[in-house]
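First the proteins, then the strands, lettered A, B, ... as listed; each starts at 1. Scope of the values below: all heavy atoms of this structure, side chains included, with no hydrogens, waters or symmetry mates. Nothing here was measured: the structure is a model prediction, and the numbers come from that model.
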Amino acid sequence: SQELEQSPQSLIVQEGKNLTINCTSSKTLYGLYWYKQKYGEGLIFLMMLQKGGEEKSHEKITAKLDEKKQQSSLHITASQPSHAGIYLCGADKGTNAGGTSYGKLTFGQGTILTVHP
Amino acid sequence: GAVVSQHPSWVICKSGTSVKIECRSLDFQATTMFWYRQFPKQSLMLMATSNEGSKATYEQGVEKDKFLINHASLTLSTLTVTSAHPEDSSFYICSARPPYEGEKLFFGSGTQLSVL
C-alpha cells in the first residue's frame with residue numbers, strides 16, 4: 001500500500017518567514033492533494049497536482065510535484081498567523097481505466113505549523 | 001463557500017446506542033462519496049466508499065456491520081455507527097467530488113463523536 005511521509009512533523013516560524021513542507025511517497029503519485037486543517041474542523045482544499053514537474057500557486061502558497069511524481073513540496077512565502085494549522089498531503093490510490101482518479105486518498109501524518117506574530 | 005455539508009458537527013451518545021451522520025453534496029450530484037475517520041493527533045484514514053444505489057465498499061479492517069453506510073440519493077450519504085462504544089469516539093469526515101471542479105475533492109466540516 002502507498003505510504004506518505006511528511007516532514008517536518010511540526011514547524012514553528014516567526015511571522016514573515018518562508019517555510020517548506022515536504023511529502024514523499026513510496027510509490028508514483030497519481031494525484032497529490034494538499035489540504036489545511038484546524039483541530040476538530042474540516043479540511044480546506046489548497047491545491048491538487050497531477051503531472052510530473054507541475055507547480056501551482058495560490059496567494060502565498062506554492063505547491064510542486066517532482067518529475068518522478070514521488071515527492072511534493074508546499075512552500076509558504078512570508079508566513080502569517082493565519083497560515084497556522086495542520087497541513088496534510090493526500091495521494092490518490094490510483095486511477096480507473098479511463099484515467100480518472102478514484103478519489104480515495106491516503107494521507108500523510110500531517111505537519112503542524114505554528115506562526116508566531 | 002462549502003460544497004459538502006456534514007451534520008451534526010458534534011454528537012455525544014451513550015455506549016450501546018447508534019448514531020447517524022449525514023453528508024450532503026450542495027449544488028451537485030455525487031454518485032460517490034468517501035468516509036474517513038481521524039483519531040486525535042493522527043491523520044485521516046479512509047473507511048469506505050459510498051456508492052449511490054449500491055453497496056458501500058469498505059476498506060480492509062473496517063467493520064461493515066459496525067459502520068453502516070447508506071447512499072439513497074445523489075446528494076446524501078449517511079454513516080451510522082451502530083452500538084457505539086468509547087473506542088468509536090473519533091472525528092468522522094466525508095468527501096465528494098463536484099463534477100464542475102475536475103478532480104478536486106472537497107471535504108465536509110466533520111463530525112466529532114464522543115461515546116460515553
- Message: Could you tell me if the side chain of A:Q71 sits less than 4.5 Å from the side chain of A:N22, heavy atoms only?
- Response: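 The answer is yes, as the side chains (C-beta and beyond) meet within the 4.5 Å cut-off.
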
- Task: Decide yes or no for B:M45 and B:E59: does some side-chain heavy atom of the first lie under 4.5 Å from some side-chain heavy atom of the second?
- Result: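 The answer is no, as the side chains (C-beta and beyond) never meet within the 4.5 Å cut-off.
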
- Message: Does atom NZ (B:K64) have a neighbourhood of more than 12 heavy atoms from anything else shown, all under 6.0 Å?
- Response: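 Atom NZ in B:K64 is not crowded, with 12 or fewer foreign heavy atoms closer than 6.0 Å.
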
- Message: At a 4.5 Å cut-off on heavy atoms, which part of B:Q38 comes close to chain A: side chain, backbone, both, or neither?
- Response: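 Looking at B:Q38, just its side chain touches chain A.
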
- Item | Parallel, tilted or perpendicular, as decided by the 30° and 60° cut-offs, for the rings of A:F45 and B:F106 | tilted

- Task: For the pair B:F67 and B:Y92, name the ring-plane relationship: parallel under 30°, tilted 30 to 60°, perpendicular over 60°.
- Result: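 Geometry flag for B:Y92 against B:F67: tilted rings.
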
Give a yes or no on whether the backbone of [Y] and the side-chain of [X] come within a donor-acceptor separation of less than 3.5 Å.
X      : Y     : answer
B:H85  : B:G16 : no
A:Q50  : A:Y30 : no
A:Q109 : A:Q9  : no

- Query: Which residues in residues 107-116 of chain B have any heavy atom lying under 4.5 Å from a heavy atom of chain A?
  - Reply: B:F107, B:G108, B:S109

- Under a 4.5 Å heavy-atom cutoff, which of B:S95, B:A96, B:S43 has the most pairs with chain A?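 Winner by heavy-atom pair count: B:S43.
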
- Item | Residue, of B:T32, B:T49, B:L44, that accumulates the most heavy atom pairs under 4.5 Å with chain A | B:L44

- Would you mind checking which part of A:Q6 comes under 4.5 Å of any heavy atom in chain B, side chain (CB onward), backbone (N, CA, C, O), both or neither? neither

- Check whether A:L88 gets within reach of chain B through its side chain, its backbone, both or neither, counting any heavy atom under 4.5 Å. side chain

